[in-house]
Amino acid sequence: MNIVAISSVLAVALFTSATAFAAQAQAPQGDAGRGKAAFLRAGCYTCHGYEGQGAPATGKKLAPGPLPYPVFSNFVRTTSGQMPPFTVATLPEQDLADIHAYLRTFPATPNQSTIPLLQDIGR
């Protein structure tokens, strides 16, 4: 095999891998309204707060800016830490997609330099 053929095979393999990764990285269609209800029903709020803000003593911050869906889903399904795993039997796939959609609705935290009250502190 010459260098051109090897390069072509490598390019096709990389393109196929990148395309598969991009498809996996997108969250399935979810409904934020149903996600809020599922978030409450599953008890996520007890550790992560009503808006996914988290708390050092109870649970990690989930929003704003939740993990990409594949990472989020894998963690929720397979965690072995303080949080119990939520299998498909206890939290259906559509509910998880809806929860992720709900967590994506929260706006990014503003930069503290854009908050006038914080600008006045120390003057």
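No experiment lies behind these values; they were computed from the predicted model shown.
- Test Leu91, Asp95, Leu96 against Phe86 for side chain to side chain contact (heavy atoms under 4.5 Å, CB included) and you get one pass: Leu91.
- Each of Gln82, Arg77, Met83 was evaluated against Thr79; a single residue qualifies, Met83, per the side chain to side chain contact (heavy atoms under 4.5 Å, CB included) test.
- When side chains are defined from C-beta on, Phe39 does not count as touching Asp98, because their heavy atoms never get closer than 4.5 Å.
- No single ILVMFWY cluster, assembled from side-chain heavy atoms under 4.5 Å apart, contains both Val88 and Phe72.
- Between the side chain of Ser73 and the main chain of Pro70, no donor-acceptor pair closer than 3.5 Å is present.
- The shortest heavy-atom contact between Pro28 and Ala97 is CG-CB, 3.7 Å.
- Annotation: side chain to side chain donor-acceptor pair (under 3.5 Å) contacts of Ser113 (sequence neighbours excluded): Asn111.
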Test side chain to side chain contact (heavy atoms under 4.5 Å, CB included) on Gln94 and Arg34 and set out the steps.
CA-CA 10 Å; Gln94 186 60 57; Arg34 287 193 317 246; 3.7 Å; yes
Only pairs under 3.5 Å count here: list side-chain donor-acceptor contacts from residues 54-66, not counting sequence neighbours, and write none if there are none.
| from | atom 1 | to | atom 2 | distance (Å) |
| --- | --- | --- | --- | --- |
| Thr58 | OG1 | Cys47 | O | 2.7 |
| Lys61 | NZ | Pro64 | O | 3.0 |

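- Note that the OH atom of Tyr50 and the NZ atom of Lys36 stand 10.0 Å from one another [nearest 0.5 Å].
- The cluster map of Ile, Leu, Val, Met, Phe, Trp and Tyr, joined by side-chain heavy atoms under 4.5 Å apart, puts Val71 and Ile99 in the same cluster.
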